[in-house]
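What follows is one structure encoded as structure tokens, with my remarks underneath.
Computed over heavy atoms, backbone and side chain alike; hydrogens, waters and symmetry mates excluded. Protein chains get the first letters and strands the later ones, always in sequence-line order, with residue 1 at the start of each.
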Amino acid sequence: MIDAVQLVQNLVNGIGLGLIYGLVGIGFCVIYNASGIVNFAQGVFVMLGGMICATLLARFGLPIWLAAILTVPIVALIGVVMEVAVVRPMWTRGASIFAIILATLASQMLLEQVTLLTLGDQPRTFNSFTPGGPLMVGGVAVPYQLFWVLGCGALMVGGLWLFFTRTRMGRALRACSQNAEAASLLGIPVRRMMMLSFALSAALGAIAGILITPSQITAYNIGTPFGVNGFIAAIIGGFGSAGGAVAGGLLLGVLQALAIAFLGASFKNVAALSVLLVVLLVFPQGVFAGLKTLRASRR
Amino acid sequence: MKRRITLAAALALALAGPVHAADVYKIGAAVGLTGYAATTDRGWRDGLQLAADYLNGKGGIDGHKVELVVEDNKSDPQQAVVAYQKMMSNDHVQIFASGCVSAGNFAAAGAVARAKIPMVLCSILPRRENEIHWAFSFLPPPIYELQTRMAYLKDNTQIRKVGILNDPSPYAMLMAKLAETAAKQYGIQVVAHETYQQDDSDMSVQVGRINAAGAGAIIKIGIGGSTVTIAKNVKQLGLKDMLLLSGLDDAAPYVQAGEVLGDHFMFAATAVQIPSAVTDAEAKAALDAFLTRWKAKYGDRDGSAASRAWDAMMVIDKAVTLAKSTDGPKVRDALEEITHYQGAAALYEFSPKQHNGVVKNPFVMGEVKDGALVQVK
């Protein structure tokens with residue numbers, strides 16, 4: 001039986017991982033908001049963020065802040081290339097959303113193989129942004145990197161909220177999601193918006209990858225589990241709002257940590273997928289939208 | 001005239017076909033080039049190729065040019081079955097020299113045995129008697145590696161309680177069971193047993209549970225980058241006294257884990273990883289023969305898995321020469337007659353009752369000093 005300190009420790013561990021799932025989930029939401037496409041290559045942006053940053057650090061001896069600043073636009077550019085080379089031609093030719101989604105999955109495999117061939121198969125990592133630690137609070141260890149994840153996560157959620165609600169470009173992106181044809185008639189450059197959404201989404205994935213790598217490793221094949229868990233986080237959060245995705249990620253991360261603690265590691269994914277099933281059955285529009293509807297109906 | 005030319009061409013083709021087939025000895029390898037076993041199995045694949053090039057440079061195996069047929073099983077048992085079937089039915093391979101994905105080799109072993117094709121493996125032997133009959137392992141028995149770790153704890157530390165942390169592959173599950181046996185042999189108690197999935201990105205919960213159970217060391221079992229993640233988790237949880245003991249992995253994750261935990265990280269090292277630990281003249285000569293060629297082509301890359309693949313190919317060479325045939329059953333019989341073959345990775349002794357070739361513990365305890373692997377003094 002685990003004691004209270006262990007329980008809190010597990011919650012802290014779950015929060016750290018859940019935040020990353022949430023950040024990946026936001027990436028799903030950004031593209032979905034702009035185009036209605038679920039980009040299954042989202043996990044690969046996380047991998048690319050970690051791999052490119054680790055490579056810049058190891059090969060060129062750059063300081064971490066500079067490597068991170070360079071990595072984000074590089075990955076964003078890869079996102080743009082993916083949109084221009086894969087998604088846009090299919091979109092223009094009227095391919096179904098399912099076909100485009102499948103193409104994003106194929107892009108993930110392609111990018112993994114390109115990474116494998118160019119950067120190799122060895123796992124990579126780099127040091128925490130703040131050396132030392134962890135911070136011990138009543139027997140519970142809180143790694144310094146968790147504060148970076150928390151801080152960057154909050155900044156990203158806040159920034160995205162402002163972007164989507166307070167800027168013309170953000171509003172234009174949302175308009176494209178609701179009705180691309182109508183948005184186009186209103187003079188919104190829909191294609192450019194979609195490209196922007198891929199760049200933004202890839203950048204978010206890259207930041208998640210840079211934030212998580214000091215806590216573990218990165219390798220050409222780590223994208224899939226992050227993509228799957230980020231997707232689940234986005235669905236729990238209602239596949240639309242950044243805050244919902246982060247909350248979904250936190251819930252998922254904590255549930256996985258508790259499942260490992262109480263049931264064993266083999267039940268981690270069982271727990272995650274069970275939660276997804278329950279959410280889909282009870283709240284098809286996501287937990288938060290579902291609770292909102294429930295509250296409204298009670299009034 | 002035209003008819004004569006056509007007939008002559010047909011005759012030439014008819015003669016050329018069988019001669020070409022007889023000249024080639026096809027060796028199939030189902031390897032995990034992607035997935036959790038990628039690092040090890042890429043090493044195995046490259047070791048096979050290095051040996052094939054070397055043997056072909058000497059005129060091949062018993063006069064037959066060696067042709068490697070490599071299929072990626074993606075570290076997945078189902079994909080491994082597909083890969084094995086393709087190599088048997090399409091490529092008509094004559095012997096298998098497959099990688100370290102034990103579950104994949106197990107899944108295909110029945111079909112391979114029915115086809116009477118010998119298989120030399122980087123993994124442990126399959127479980128059924130009729131499958132073992134056709135399989136030969138070049139992997140040191142898992143207990144050796146565990147005994148090396150337990151002996152270190154007993155002889156050099158006060159730690160008498162450990163926790164096991166393993167992935168769910170058949171090999172790791174077997175090792176986890178053996179770890180309990182090895183621990184008992186050395187008066188060490190296993191107080192916690194945790195598992196992780198190969199694609200897990202965080203093992204803090206498992207590490208925390210092992211610590212809470214009172215363990216002073218983690219016996220980590222499984223290949224891939226998970227060693228580094230566990231090392232980072234140990235540090236993030238502030239477990240300053242916890243030792244992490246790993247094994248059977250690549251030098252790259254060892255170096256990274258060593259950089260995280262310093263002298264609190266150790267591993268059961270192979271001869272290739274720490275060549276200076278080999279003192280026997282015959283073993284040193286065999287190791288040098290491999291390392292010279294390996295380093296010329298791959299530089300400082302860890303050649304542990306590759307050295308076993310190299311040895312496997314040299315043993316196949318000996319067996320075919322001994323059998324004077326490439327016929328599967330005859331080569332299988334000859335493999336059982338290979339005794340006292342000093343390879344680069346270990347000394348191999350096969351017999352009808354001994355299909356695990358490695359009978360002497362080849363491991364030493366290693367640690368990371370200044371970014372290099374060195375023997376623990």
Side-chain angles (χ1 to χ4, degrees), chain A residues 2-3 5-6 9-10 12-14 16-17 20-21 46 109 112-113 116 120-128 132-136 139-146 212-226 228-229 253 256-262 264-266 268-269, chain B residues 32-43 72 74-75 165-168 193-209 211-213 223-240 249-257 259-260 301-302:
Chain A
I2 63 173
D3 59 25
V5 172
Q6 275 182 273
Q9 184 68 65
N10 290 336
V12 169
N13 298 338
L17 203 55
I20 296 296
Y21 295 159
V46 180
M109 291 173 190
E112 279 181 356
Q113 289 306 308
L116 173 67
D121 60 357
Q122 293 296 336
R124 290 152 195 249
T125 190
F126 43 84
N127 293 331
S128 298
L135 180 71
M136 297 302 294
V140 176
V142 186
Y144 289 166
Q145 191 65 20
L146 182 59
I212 191 71
T213 303
S215 306
Q216 45 161 284
I217 55 154
T218 185
Y220 74 96
N221 57 355
I222 62 126
T224 303
F226 279 113
V228 170
N229 287 309
Q256 284 186 346
L258 293 178
I260 296 169
F262 288 103
S266 51
K268 187 188 89 169
N269 289 331
Chain B
L33 299 180
T34 49
Y36 76 90
T39 305
T40 310
D41 270 13
R42 279 167 183 275
D72 182 11
K74 299 178 170 58
S75 308
L165 182 51
N166 66 279
D167 72 36
H193 187 172
E194 297 287 330
T195 58
Y196 64 90
Q197 301 292 314
Q198 285 99 334
D199 63 357
D200 276 356
S201 49
D202 185 272
M203 287 80 146
S204 301
V205 177
Q206 292 94 322
V207 171
R209 282 169 64 88
N211 180 57
I223 54 176
S226 48
T227 301
V228 186
T229 304
I230 294 167
K232 293 211 163 200
N233 292 156
V234 169
K235 192 171 184 188
Q236 283 157 1
L237 291 172
L239 308 178
K240 288 180 180 152
D249 218 328
D250 194 82
Y254 285 163
V255 171
Q256 288 172 345
E259 281 169 0
V260 175
R301 191 176 146 204
D302 188 343

Of all heavy-atom pairs linking A:Ala265 and B:Gln206, the shortest is CB-NE2, 3.6 Å

Which atoms of A:Ala261 are under 4.5 Å from chain B, going by heavy atoms: the side chain, the backbone, both sets, or neither?
both

Do you know which of B:Thr34, B:Val260, B:Leu239, B:Asn211 has the most heavy-atom pairs under 4.5 Å to chain A?
B:Thr34

Please state whether the side chain, the backbone, both or neither of B:Arg42 comes within less than 4.5 Å of a heavy atom of chain A.
side chain

Greatest number of heavy atom pairs closer than 4.5 Å to chain B - which of A:Gln216, A:Gln9, A:Arg124:
A:Gln216

Could you look at A:Ile260 and say if it's the side chain, the backbone, both or neither that has a heavy atom under 4.5 Å from chain B?
both

Which bit of A:Tyr220 is near chain B, if near means a heavy-atom gap under 4.5 Å: side chain, backbone, both or neither?
side chain

Answer key: most heavy-atom pairs under 4.5 Å with chain A among B:Glu194, B:Arg301, B:Arg209 is B:Arg209

Can you tell me how far OG of B:Ser201 sits from CD1 of A:Ile20, rounded to the nearest 0.5 angstrom?
9.0 Å

Is it the side chain or the backbone of A:Leu258 that comes within 4.5 Å of chain B heavy atoms, both, or neither?
neither

Heavy-atom cut-off 4.5 Å, strictly under: side chain, backbone, both or neither for A:Gln113 against chain B?
side chain

Is the side chain of B:Gln256 donor-acceptor paired with the backbone N or O of A:Ile217 at a distance under 3.5 Å, no angle test?
no

A:Leu116 and B:Leu33: CA distance, side-chain angles, deciding distance, side-chain contact (heavy atoms from CB on, under 4.5 Å) verdict:
CA-CA 10 Å; A:Leu116 173 67; B:Leu33 299 180; over 6 Å; no

For the interface with chain B, which of A:Lys268, A:Glu112, A:Gln256, A:Gln145 has the highest count of heavy-atom pairs at distances below 4.5 Å?
A:Lys268

Please table the atom pairs, donor to acceptor, closer than 3.5 Å between any side-chain atom in residues 227-235 of chain B and protein atoms at least two apart or in another chain.
residue: B:Thr227; atom: OG1; partner: B:Lys220; partner atom: NZ; Å: 2.9
residue: B:Thr227; atom: OG1; partner: B:Ser246; partner atom: OG; Å: 3.4
residue: B:Thr227; atom: OG1; partner: B:Asp249; partner atom: OD2; Å: 3.3
residue: B:Lys232; atom: NZ; partner: A:Thr125; partner atom: OG1; Å: 2.6
residue: B:Lys232; atom: NZ; partner: A:Phe126; partner atom: O; Å: 2.8
residue: B:Lys232; atom: NZ; partner: A:Pro214; partner atom: O; Å: 2.9
residue: B:Asn233; atom: OD1; partner: B:Met203; partner atom: N; Å: 2.7
residue: B:Asn233; atom: OD1; partner: B:Ser204; partner atom: N; Å: 3.3
residue: B:Asn233; atom: ND2; partner: B:Asp202; partner atom: OD2; Å: 3.4
residue: B:Asn233; atom: ND2; partner: B:Ser204; partner atom: OG; Å: 3.4
residue: B:Asn233; atom: ND2; partner: B:Gln236; partner atom: OE1; Å: 3.2

Heavy-atom proximity to chain B below 4.5 Å, by part of A:Ser266:
both

Of all the heavy-atom pairs spanning A:Pro123 and B:Gly225, show the shortest one and how long it is.
CG-CA, 3.9 Å

